[in-house]
Structure formats: C-alpha cells, structure tokens
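These notes concern the structure reproduced below.
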Amino acid sequence: MARQRYKIILSDLHLSSGALNEDGTCNLVEEFFYDDQFTEFLEHYCSEPYAKTDVELIFNGDALNHLNTSADEPEADFLSERVTLERTKAIIEGHPKFFDALAAFARKPNRSVVYLMGNHDIGVAWPKVQQLLKERVGSNLRFILDSYEVDRLHIEHGNRFLADNRVDLDNLYLTRGREEPVLKMPWGSFFVIHFINPLKKERPYIGKVYPFKFYLRWALIHDTFFALKTISRLIFYFLKINFSRDPRRNFSLFDTWKILREFSFPYNLDKEAKKLLFSNPDIRLVTFGHTHHASYRLFAPGKEYINTGCWNDLIGLDLSSLGRQLRLTFAEISYDDKGLPRASLKEWKGEHRVMSEIH
C-alpha cells in the first residue's frame with residue numbers, strides 16, 4: 001500500500017519585521033500577527049493522522065514582504081541583494097516563533113517546504129537571500145520563481161496575469177550603470193511603497209480595505225477632505241511615475257491604461273485558471289493566491305480551481321464580503337488509491353485562547 005501524502009498550500013502571509021518598531025511604536029506596514037496560529041497549524045500537520053505521512057508545505061507567493069519592513073525605511077524601492085538581505089534578516093528577527101516552527105517542521109521525517117515567489121517577495125530571487133532562509137529553516141526548503149507543476153497540479157501566485165503586479169522573469173535585474181544590481185519591480189510594488197504605505201500614517205487601516213475604489217467612494221462622503229487629498233495624490237502619482245526617467249520605474253502610458261482599466265473593472269483570476277485547466281488535459285487543479293480572497297470553483301469533473309486567500313486582516317466594502325474579517329485559509333491536497341489529487345479549501349481555526357494581539 002502506498003504511503004499517504006499531502007500537500008498544504010497557503011499564500012499571502014506578508015511577514016514584515018514584526019509588530020513593533022525598535023522604539024516600541026507599532027509597525028504600520030506589518031500585516032502578519034498570527035505566529036501562534038501558524039505554529040499550531042504546523043504542529044497539527046505533524047500530529048495524528050499526519051505523523052506517518054509525507055507532507056509538503058507550499059508557500060504560494062508573498063509569504064514575506066520585501067517591499068518595506070518599516071514605514072520610514074530608507075532605500076524603500078532599492079532592492080539590491082544587500083538591501084534585500086537586510087530586510088530578510090529583519091523579518092526573521094521579527095518573527096522568531098514563526099521561523100522556529102517552520103524549522104521544526106522541516107526537520108521532521110518526510111517533511112519538505114517549497115517557496116514560490118510572488119510580487120511582494122521578489123527578493124527571494126537573490127541567491128544570498130535563499131541561502132539565508134535555508135540556513136534558518138533547513139535544507140528541505142526549495143525555491144521556485146515561476147510556477148510549480150507536480151502530480152497534475154498547477155500552482156503559482158497569479159500576479160503575472162495582472163498588469164500592475166506582473167514580474168518580468170526574463171528581465172528581472174537592472175545592472176547598466178549601477179554599482180550593484182537591483183531588482184526591477186512591477187508597478188504595484190512602487191504603488192504600495194510610495195502611495196499606500198505613506199497613507200497608513202494617517203489612516204492605518206487603509207492597506208486592509210478592498211476594493212480600494214469603493215473605499216474612495218465611501219471616504220468622499222464620510223472622510224471628505226482626506227478623500228479629496230488622496231485622489232489628488234493619486235492623480236499626481238500616476239503622472240509622476242509615467243514621466244519619471246528612473247529605469248526602475250519604466251512604465252509606459254499603455255501600461256498605465258491597462259492598470260487603470262483593471263482598477264475600474266477588477267480582473268477575475270478564475271478565467272485564467274479555467275484557461276490553464278482546459279488547455280492542458282493533464283492538469284486537474286489550479287491554485288492561485290494574490291487576490292487575498294479565498295474561493296473554490298469546479299469547472300467540470302476533474303477540473304478544479306482554488307484561490308488560497310490570505311492570512312491577514314481585511315476590511316471588505318462589497319456586499320459579498322462586507323465588514324472586517326480574518327480567515328486563515330489554505331488548500332489541502334490528498335491522494336486517492338490511484339494517486340489522483342483530491343483538493344479541498346479549508347480554514348484554520350486553531351486552538352482556543354483567551355486573548356490574542358489585534359494590532
């Protein structure tokens with residue numbers, strides 16, 4: 001009888017340098033406050049009935065946040081290997097319990113960890129960053145920069161389908177005329193660094209709100225001055241980033257038009273999942289992350305799609321997800337007697353606790 005095996009897929013944890021800055025103030029760019037829940041999650045998959053099975057843990061992009069580790073970070077959009085290494089060290093130091101649990105998981109027999117790159121963590125493309133994480137987690141950690149196809153599964157972050165966060169893997173580094181190479185980040189990374197993060201100093205919740213255009217409509221009525229100021233900043237930002245000569249921000253007017261179209265009419269990754277499923281008869285399941293919204297679709301028998309959502313606090317403004325919510329969602333893949341994958345979208349509830357941090 002074949003040994004039972006599982007794949008556990010989660011995405012969009014967005015670990016930064018911890019809840020507090022060095023001076024004891026709140027770190028406004030930190031989004032992950034669930035180290036205890038994550039520890040319990042991994043312990044669960046090391047206990048019965050999983051103790052004697054093979055378990056592969058897959059981070060499907062944006063587990064780390066290399067864009068900022070604090071709101072006032074110098075060289076915020078300068079992702080050289082040196083800078084990214086420093087930020088990764090800060091993330092590791094800011095989440096000791098998380099990385100202790102991950103290392104303990106990776107040390108156990110028949111356990112492995114796969115890390116796929118997203119758009120917030122393109123710093124894992126640097127070899128020294130990968131080596132640092134392997135030293136902290138263990139040699140069972142593997143890195144994949146694009147997509148992971150295995151056992152009739154297609155796993156990728158999903159950002160390549162969207163104009164604002166598409167990463168050009170064939171043109172990832174800027175080297176000409178530079179003392180040290182830097183990563184060529186997508187438009188959305190600059191938007192987060194230079195537009196969203198500064199707004200968090202005035203409205204700390206703003207990075208949690210979605211859709212952002214609904215927030216602007218709400219703010220025009222209930223927070224009018226701030227909304228008008230934000231809209232004027234947004235217009236100025238679009239103009240500035242399009243006419244900048246900085247090669248790190250080389251975006252055309254056509255790129256801007258595509259981004260504005262997606263901003264007005266959000267693109268549904270379900271369509272891309274369906275294309276992948278039906279263009280390849282061997283693929284039975286596609287999993288994406290990136291959108292932060294967990295979902296399951298069955299397009300046809302043996303043709304499934306799961307978006308693994310995120311492990312962050314969100315504030316929804318559309319009717320389908322109105323209000324503040326936290327869902328620690330993930331995909332669990334098991335295998336039947338024929339070796340075919342069986343997928344389910346699950347939510348980790350964790351163990352009962354009297355209180356927990358909420359900031």
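In this structure, Leu314 CG and Tyr205 OH are separated by 15.5 Å, a value rounded to the nearest 0.5 Å. Atom CD of Glu40 and atom CG of Leu328 lie 10.5 Å apart (nearest 0.5 Å). A distance of 11.0 Å separates CZ of Arg111 from CG of Asn140, quoted to the nearest 0.5 Å. Going from atom CE of Met185 over to atom CD1 of Ile193 covers 4.0 Å, rounded to the nearest 0.5 Å. Rounding to the nearest 0.5 Å gives a distance of 9.0 Å between CG of Leu234 and OG of Ser232. The CZ atom of Arg5 lies 10.0 Å from the OG atom of Ser334; values are rounded to the nearest 0.5 Å.
At most 12 non-hydrogen atoms from other residues, nucleotides or ligands lie less than 6.0 angstrom from CZ of Phe236. The local environment of CD in Glu22 is sparse, with at most 12 non-hydrogen atoms from other residues, nucleotides or ligands closer than 6.0 Å. Residue Lys108 places its NZ atom among 12 or fewer non-hydrogen atoms of other residues, nucleotides or ligands, all under 6.0 Å distant. Within a 6.0 Å radius of NZ in Lys200, other residues, nucleotides and ligands contribute more than 12 heavy atoms.
By the rule that hydrophobic residues join a cluster once side-chain heavy atoms approach within less than 4.5 Å of another member, Ile58 and Tyr50 end up as members of separate clusters. Under the 4.5 Å side-chain heavy-atom criterion for Ile, Leu, Val, Met, Phe, Trp and Tyr, Ile144 and Leu133 are members of distinct hydrophobic clusters. With hydrophobic clusters built from ILVMFWY side chains whose heavy atoms lie under 4.5 angstrom apart, Phe278 does not share a cluster with Ile155. Leu64 and Val113 fall within the same hydrophobic cluster, where Ile, Leu, Val, Met, Phe, Trp and Tyr residues are linked whenever their side-chain heavy atoms come under 4.5 Å apart, directly or through other members. Leu216 and Ile221 fall into different hydrophobic clusters, where Ile, Leu, Val, Met, Phe, Trp and Tyr side chains are chained together by heavy-atom contacts under 4.5 Å.
Between Phe32 and Trp311, the angle of the ring planes stays under 30°, which puts this pair in the parallel group of the 30/60° scheme. Ring planes of Tyr115 and Phe143: tilted class, angle from 30 to 60°.
When ring centroids are compared, Tyr34 and Phe38 stay outside the 6.0 Å threshold. Taking the six-membered ring where the residue is Trp, the centroids of Tyr45 and Phe105 are separated by 6.0 Å or more.
Ionic pairing of Glu86 and Lys89 is not present here: no N-O contact between side-chain nitrogen and carboxylate oxygen is shorter than 4.0 angstrom.
Under 3.5 Å, the side chains of Tyr148 and Arg142 contain a donor-acceptor pair of N or O atoms. There is no side-chain donor-acceptor pair under 3.5 Å between Thr308 and Asn60. With 3.5 Å as the limit, one finds a donor-acceptor pair spanning the side chains of Tyr296 and Glu304.
The nearest pair of heavy atoms linking Gln130 to Val124 is NE2-O, 2.8 Å. Shortest non-hydrogen contact noted between Ala125 and Met117 is CB-SD, 4.3 Å. Between His44 and Ser47, the closest heavy-atom pair is O-OG, 2.8 Å. Smallest separation of non-hydrogen atoms from Ile306 and Ala331: CG2-CB, 4.0 Å. The shortest non-hydrogen separation linking Gly123 to Leu183 is CA-CD1, 3.7 Å. Minimum interatomic distance between Leu116 and Glu156 (heavy atoms only, all atoms of both residues): CD2-CA, 3.8 Å.
In terms of modelled atom types and a separation under 3.5 Å, the side chain of Glu149 and the main chain of His154 share no donor-acceptor contact. His95 places a side-chain N or O within 3.5 Å of a backbone atom of Ser16 that can act as its donor or acceptor partner. Under a 3.5 Å cut-off, the side chain of Asn159 and the backbone N or O of Arg166 do not form any donor-acceptor pair. At least one donor-acceptor pair closer than 3.5 Å links the side chain of Asp121 to the backbone N or O of Gly118. For the pair Asn307 (side chain) and Ala294 (backbone), a donor-acceptor distance under 3.5 Å is absent. Remark: the backbone N or O of His290 is paired with a side-chain donor or acceptor of Asp12 at under 3.5 angstrom. The closest donor-acceptor contact from the side chain of Asp151 to the backbone of Leu153 lies at 3.5 Å or more, if one exists at all. A donor-acceptor distance shorter than 3.5 angstrom exists from the side chain of Ser279 to the backbone of Lys275, with no hydrogens or angles considered. Looking at Asn312, its side chain does come within 3.5 Å of a backbone N or O of Glu31 through a donor-acceptor pair. Side-chain N or O atoms of Glu180 include none that pairs as donor or acceptor with a backbone N or O of Arg82 at under 3.5 Å.
Residue Phe225 shares its hydrophobic cluster (ILVMFWY side chains chained together at separations under 4.5 Å) with no other residue.
Counting heavy atoms from C-beta outward, Phe288 and Leu276 have side chains that approach closer than 4.5 Å. Proximity of Leu28 to Asn21: side-chain heavy atoms (C-beta onward) are nowhere separated by under 4.5 Å. Using a 4.5 Å heavy-atom cutoff, the side chains of Val167 and Leu172 are in contact. For the pair Phe98/Leu13, a side-chain contact is recorded, criterion being any heavy-atom separation below 4.5 Å from C-beta on.
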| request: Show your working on side chain to side chain contact (heavy atoms under 4.5 Å, CB included) between Ile231 and Leu220 and close with a plain yes or no. | output: CA-CA 10 Å; Ile231 291 170; Leu220 280 169; 4.0 Å; yes
| request: Evaluate side chain to side chain contact (heavy atoms under 4.5 Å, CB included) for Val55 paired with Asn110, printing each intermediate quantity in order. | output: CA-CA 7 Å; Val55 181; Asn110 306 306; over 6 Å; no
| query | Given the rule in the salt bridge (charged side-chain N to carboxylate O under 4.0 Å, His left out) test, do Arg136 and Asp100 qualify, once you have shown the distances and angles that lead to the verdict? | reply | CA-CA 8 Å; Arg136 182 64 175 88; Asp100 285 346; 2.6 Å; yes
| request: For Thr329 and Glu347, run side chain to side chain contact (heavy atoms under 4.5 Å, CB included): C-alpha distance rounded to whole Å, both residues' side-chain angles, the deciding distance at 0.1 Å, then the answer. | output: CA-CA 4 Å; Thr329 49; Glu347 181 178 356; 4.3 Å; yes
| request: Apply side chain to side chain contact (heavy atoms under 4.5 Å, CB included) to the pair Ile333 and Leu285, showing each step before the final yes or no. | output: CA-CA 10 Å; Ile333 314 299; Leu285 170 71; 3.4 Å; yes
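Scored by the side-chain contact (heavy atoms from CB on, under 4.5 Å) test, Lys338 finds Asp336, Leu340 as partners (sequence neighbours excluded). Residues passing the side-chain contact (heavy atoms from CB on, under 4.5 Å) test with Arg297 are Asp270, Phe299, Tyr305, sequence neighbours excluded. Taking His292 as the reference, His14 meet the ring pair (Phe, Tyr, Trp, His ring centres under 6.0 Å) condition, with sequence neighbours excluded. Under the side-chain contact (heavy atoms from CB on, under 4.5 Å) criterion, Ser112 pairs with Glu56, sequence neighbours left out. For the side-chain contact (heavy atoms from CB on, under 4.5 Å) test, residues two or more places apart in sequence or in another chain that qualify with Thr84 are His66, Leu79, Thr88, Trp126, Val129.
Each of Tyr6, Phe41, Phe59, Trp348 was scored for a ring-ring contact (aromatic ring centres under 6.0 Å, His included) with Phe330, with one residue passing: Phe41.
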